Amino acid sequence: DEYIATNYNIPADDAIIVKVGNLDEGTEEDQPLYENLINFATNNDLTNDANYKKVCDMIDEQNFIDYYCTQIFIANGDWPNNNYRIWRSRTVTDKPFQDGKWRWMLYDLEFSMDLYKDGQNYQEDTLTKAMSASSMWGGPSTGTDKHTVLFGKLIKNPTFKQKFVTTFMDMINVNFETGRAFKMLDDYAQLYSPLINDYYNRFGPEFVFEEYDSVSQFFGTQVDGVKYFMTNRISFMPSLLKQKLALKGNVVDVNVSI
């Protein structure tokens, strides 16, 4: 709630936060606000324009799309049934972000970009996982992860699907573009590399000292693994989008001069 107050200029006591289906910040009376969204999405056809509009009145649609595009691209293995957090203001005013719409928050991404296998599994189909709302154990979505019904139903709406695909390709071309992303990654690697030896001495795992000549060598393989994943993920995802979302036409490269 303090993060929301600091970054969105919303009073902390006006912030409602739901984490993995449970009220994390707020009062008991706030829980129905979340349940109303989930129940409406569950029980209505979101390809219907009126129903689609009603859902969009309850959520920040572009925030929702940005969030899902990011999680799907990075192939977060501990999501969507887990590690999700959404928030909204209790009060509705004309003030930015105090509009009573639900917004999604990224956190706990350590199971992303196939970090534990050096980025080799860049063909992970997180898109189908998000659409079908299946858990990482392969079972149906139940209990506290029922929020996943939202994306599965919204993606069937042609307007939403077009916005989703456009945003996804924008992210590939801008946010995750390798020249930009690798520069940021290298900057962070340089920042943390002087501390990494102490880090592994304290937290392990022990195999780092057994299988590698130095901690810095292992750290380097981890950075290279993220780069490998991102490079190949960018090439892989357009074809997956086309196949799973029944898109027509072909991917083209466009150069823009300003």
Side-chain angles (χ1 to χ4, degrees), residues 1-46 48-74 76 78-112 130 133 135 141-155 157 159-160 163-164 166-168 170-171 174-175 184:
D1 54 347
E2 294 296 339
Y3 170 87
I4 292 168
T6 301
N7 288 275
Y8 298 100
N9 197 28
I10 302 296
D13 61 4
D14 195 45
I16 304 168
I17 302 176
V18 173
K19 180 180 179 182
V20 196
N22 298 309
L23 194 66
D24 195 46
E25 296 289 346
T27 66
E28 187 176 340
E29 291 76 19
D30 296 327
Q31 184 72 24
L33 295 173
Y34 170 70
E35 298 294 341
N36 290 342
L37 168 65
I38 302 305
N39 290 337
F40 184 84
T42 301
N43 297 317
N44 288 278
D45 176 10
L46 300 190
N48 175 277
D49 287 343
N51 293 337
Y52 172 54
K53 182 181 183 305
K54 187 163 183 178
V55 167
C56 290
D57 287 340
M58 290 189 276
I59 69 172
D60 181 332
E61 184 186 23
Q62 191 57 52
N63 165 270
F64 179 76
I65 291 173
D66 291 345
Y67 172 86
Y68 263 81
C69 285
T70 302
Q71 292 276 31
I72 289 168
F73 178 84
I74 65 178
N76 187 353
D78 202 7
W79 175 89
N81 65 298
N82 192 33
N83 287 340
Y84 67 89
R85 181 187 284 134
I86 67 176
W87 73 275
R88 58 160 282 180
S89 64
R90 182 180 302 106
T91 306
V92 178
T93 70
D94 58 359
K95 184 179 177 182
F97 302 106
Q98 201 172 31
D99 51 12
K101 290 188 176 185
W102 291 103
R103 292 176 168 87
W104 277 251
M105 305 169 71
L106 284 170
Y107 76 103
D108 199 345
L109 307 180
E110 145 247 9
F111 269 99
S112 302
S135 74
S141 173
T142 58
T144 57
D145 60 351
K146 60 187 177 182
H147 83 290
T148 52
V149 71
L150 264 175
F151 182 75
K153 298 194 76 172
L154 280 170
I155 198 65
N157 182 290
T159 301
F160 179 89
K163 291 179 181 179
F164 173 80
T166 300
T167 298
F168 204 104
D170 285 345
M171 281 194 171
V174 180
N175 303 73
M184 297 177 71

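Because the structure is predicted, anything quoted here is derived from the model rather than measured.
- Residue pairs that meet the salt bridge (Lys or Arg N to Asp or Glu O under 4.0 Å) test with at least one member in residues 61-73, sequence neighbours left out, are E61-K163.
- Taking the side chain to side chain contact (heavy atoms under 4.5 Å, CB included) definition, one finds that D108 meets it with N83, E110, sequence neighbours left out.
- By the ring pair (Phe, Tyr, Trp, His ring centres under 6.0 Å) test, Y8 is found to be paired with W87, F97, residues two or more places apart in sequence or in another chain being considered.
- Here the side chains of I59 and W104 are in contact, with some heavy-atom distance below 4.5 Å.
- Considering only residues two or more places apart in sequence or on other chains, F168 meets the ring pair (Phe, Tyr, Trp, His ring centres under 6.0 Å) condition with F164.
- Residues F151 and I72 meet the side-chain proximity criterion, which asks for heavy atoms closer than 4.5 Å.
- Legend: residues meeting side chain to side chain contact (heavy atoms under 4.5 Å, CB included) with N9, ordered by chain and number and at least two apart, are K95.
- Using a 4.5 Å heavy-atom cutoff, the side chains of L23 and E28 are not in contact.
- The structure places OG1 of T70 at 9.0 Å from CG of L109, a figure rounded to the nearest 0.5 Å.
- Aromatic ring pairs are classed by plane angle as parallel below 30°, tilted from 30° to 60° and perpendicular above 60°; the pair Y67 and W79 is perpendicular.
- Although no hydrogens or angles enter the test, the distance criterion places a donor-acceptor pair under 3.5 Å between the side chain of D14 and the main chain of T91.
- Side-chain atoms of N157 never come within 3.5 Å of backbone atoms of L154 as a donor-acceptor pair (strictly under, hydrogens ignored).
- Within the structure, salt bridge (Lys or Arg N to Asp or Glu O under 4.0 Å) contacts touching residues 96-105 (residues at least two apart or in different chains) are D60-R103, D99-R103.
- Taking a cutoff of 4.0 Å between a charged side-chain nitrogen and a carboxylate oxygen, D57 and K53 qualify as a salt bridge.
- Judged purely by atom type and a 3.5 angstrom limit, N51 uses its side chain to pair as donor or acceptor with the backbone of D45.
- Between V92 and G100, the closest heavy-atom pair is CG2-CA, 4.0 Å.
- One distance of note links CD1 of I16 with CD of E29; it measures 10.5 Å at 0.5 Å rounding.
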Inset, instruction - Evaluate the side chain to side chain contact (heavy atoms under 4.5 Å, CB included) criterion for residues D13 and R90: first the C-alpha distance (whole Å), next the side-chain angles of each, then the deciding distance (0.1 Å), finally the verdict. - result: CA-CA 9 Å; D13 61 4; R90 182 180 302 106; 5.5 Å; no
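- In this structure the side chain of L150 reaches within 4.5 angstrom of the side chain of V55, judged on heavy atoms.
- Two residues are said to be in side-chain contact when any heavy atoms from C-beta on lie closer than 4.5 Å; M58 and F40 meet this criterion.
- Using a distance-only test at 3.5 Å, with no hydrogens or angles considered, no donor-acceptor pair links the side chain of S89 to the main chain of A15.
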Inset, instruction - For the pair Y68 and I155, evaluate side chain to side chain contact (heavy atoms under 4.5 Å, CB included) and give the outcome as yes or no after the intermediate values. - result: CA-CA 11 Å; Y68 263 81; I155 198 65; over 6 Å; no
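- A donor-acceptor pair shorter than 3.5 Å cannot be found between the side chains of T42 and N39.
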Inset, instruction - For the pair W102 and N63, evaluate side chain to side chain contact (heavy atoms under 4.5 Å, CB included) and give the outcome as yes or no after the intermediate values. - result: CA-CA 9 Å; W102 291 103; N63 165 270; over 6 Å; no
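- Side-chain contact check for N82 and D78: at least one donor-acceptor pair (N or O, by modelled atom type) lies under 3.5 Å.
- Between the side chain of K153 and the main chain of L46, no donor-acceptor pair closer than 3.5 Å is present.
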Inset, instruction - Carefully, step by step, assess Y107 and R85 under the rule side chain to side chain contact (heavy atoms under 4.5 Å, CB included). - result: CA-CA 8 Å; Y107 76 103; R85 181 187 284 134; 3.6 Å; yes
Inset, instruction - Apply the test side chain to side chain donor-acceptor pair (under 3.5 Å) to residues D170 and T167: give CA-CA distance (whole Å), side-chain angles for both, the deciding distance (0.1 Å), then the verdict. - result: CA-CA 5 Å; D170 285 345; T167 298; 5.4 Å; no
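- The heavy-atom pair separating A12 from D1 by the smallest distance is O-CB, 3.6 Å.
- With values rounded to the nearest 0.5 angstrom, K54 atom NZ is found 11.5 Å from N48 atom CG.
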